Amino acid sequence: ALVFAFVPLAALSASIGIGGGGFFVPLWIAVGHTFVEASAASLVMIAALATSAAWVFLRKGLVNARLVLIFGPLGSVAGMIAGALAGHVGETRLRLLFAAVLLPTAWRMWQGRRVPEVVPESAPGRWVVEGHAEGRTFRIFLPAALLAATAAGTLSGLLGIGGGMVLVPVMTLFFGVPMRAAVATSGALIAVTATFGAIGHAWAGHVPWSAAGVGVASVVIGGQLGARWTVRADAAVLKRVFAMVLLCLGLWIGAGALP
């Protein structure tokens with residue numbers, strides 16, 4: 001039964017630039033896996049899903065290679081380390097952390113307003129990188145970007161999510177990256193960070209391989225469907241869908257931590 005749920009959930013996840021761990025982790029828990037096992041299986045599936053979606057985005061020219069290089073390496077290392085250490089963090093704390101990240105992010109994305117400019121006026125030129133996407137110019141303050149990459153990678157490894165729940169809001173709200181470009185770039189980044197997070201879990205012996213293998217084929221198909229919809233979707237619609245998904249997942253996972 002889970003196989004049939006994975007395809008539409010993977011499509012939804014790919015369409016808004018998240019890995020899908022917010023769906024996959026609760027489903028694996030519901031069928032009897034521990035949080036750490038569910039996170040590990042989820043990351044294996046996310047790596048497959050994101051790679052599938054990234055292929056579509058790359059062919060359409062939506063992935064910003066400069067952003068991948070800025071966010072990717074540090075996030076990957078943080079994800080691998082966090083994945084290896086996830087078994088030493090209590091499940092209740094992981095659930096509360098999950099909710100604490102998702103709920104405020106959902107509210108900000110629903111509002112759709114950017115936060116104040118995060119590039120200080122006095123910032124040296126070498127710390128600021130300009131980018132272009134969908135006819136718009138945006139500026140990336142490197143120290144803030146590296147901090148966000150570390151946070152996304154750490155949350156990915158600990159919680160079994162792809163990191164897009166952090167990366168997409170950071171790129172759109174803080175740096176002004178257009179929504180479609182943020183979703184596509186997040187998908188490419190997730191393919192990398194989730195793989196490293198999965199390696200960390202595998203190294204620690206957390207991955208239930210029989211369970212993880214069941215979902216991989218389904219999420220590859222879903223990733224293709226979701227990415228193809230994103231290419232044609234309206235940016236405002238994407239933001240609202242993203243916000244609603246985060247809100248529902250934050251409440252669902254957070255409620256599980258209550259006595």
Side-chain angles (χ1 to χ4, degrees), residues 9-23 46 49-50 52-72 75 101-119 129-141 144-145 148-149 151-152 156 161-191 193 222-250:
L9 293 176
L12 176 58
S13 301
S15 71
I16 56 176
I18 66 175
F23 300 119
I46 289 169
L49 184 163
S52 175
W55 176 249
V56 175
F57 293 139
L58 283 166
R59 292 182 63 190
K60 296 296 183 179
L62 288 174
V63 177
N64 189 293
R66 180 171 290 183
L67 291 177
V68 172
L69 292 175
I70 291 172
F71 286 97
V101 171
L102 265 58
L103 294 178
T105 303
W107 172 245
R108 178 62 70 172
M109 288 295 289
W110 183 266
Q111 290 180 312
R113 297 195 302 268
R114 286 190 61 187
V115 299
E117 181 73 50
V118 298
V119 182
V129 176
E130 283 198 351
H132 306 276
E134 300 182 51
R136 289 169 52 184
T137 299
F138 54 87
R139 296 200 302 163
I140 303 293
F141 184 45
S156 174
I161 62 177
M165 295 180 188
V166 176
L167 291 173
V168 172
V170 165
M171 285 190 277
T172 57
L173 298 176
F174 287 89
F175 300 129
V177 179
M179 186 65 183
R180 266 188 297 269
V183 167
T185 302
S186 173
L189 283 164
I190 287 169
T193 57
Q224 286 285 309
L225 296 174
R228 293 173 190 277
W229 179 75
T230 297
V231 170
R232 301 187 298 270
D234 179 75
V237 173
L238 285 176
K239 284 187 178 181
R240 291 295 177 93
V241 172
F242 189 97
M244 288 301 298
V245 169
L246 293 198
L247 176 63
C248 293
L249 291 176

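Computed from a prediction, not measured in an experiment: that's the story for all the values here.
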Rounded distance [0.5 Å steps], [atom1] in [X] versus [atom2] in [Y]:
X	Y	atom1	atom2	result
Leu49	Ile190	CG	CD1	8.5 Å
Leu246	Ile16	CG	CD1	6.5 Å
Lys239	Leu173	NZ	CG	6.5 Å
Leu189	Leu67	CG	CG	7.5 Å
Arg228	Lys60	CZ	NZ	7.5 Å

Over all heavy atoms of both residues, which pair between [X] and [Y] is shortest? Give the atoms and the distance, please.
X	Y	answer
Ala50	Gly187	CB-O, 3.5 Å
Ala227	Ala14	N-CB, 4.1 Å
Ala54	Ala188	CB-CA, 4.0 Å
Ala182	Thr172	CB-CG2, 3.6 Å
Ala236	Asp234	N-OD2, 3.0 Å
Val168	Gly17	CG2-O, 3.8 Å

Salt bridge (Lys or Arg N to Asp or Glu O under 4.0 Å) contacts touching residues 9-23 (sequence neighbours left out)
none

Looking at side-chain heavy atoms only, is the closest gap between Leu238 and Trp229 below 4.5 Å?
yes

By side-chain contact (heavy atoms from CB on, under 4.5 Å), which residues pair with [X], not counting sequence neighbours?
X	result
Ala11	Leu225
Arg59	Trp55
Ser52	Val220, Gln224
Ala145	Ile70, Phe71, Ile140, Phe175

Donor-acceptor pair, side chain of Ser15 and main chain of Gly226, under 3.5 angstrom:
no

Quick one: do Phe23 and Leu12 satisfy side chain to side chain contact (heavy atoms under 4.5 Å, CB included)? Show the steps, please.
CA-CA 10 Å; Phe23 300 119; Leu12 176 58; 3.6 Å; yes

Qualifying side chain to side chain donor-acceptor pair (under 3.5 Å) pairs, either residue in residues 176-190, two or more places apart
Glu134-Arg180

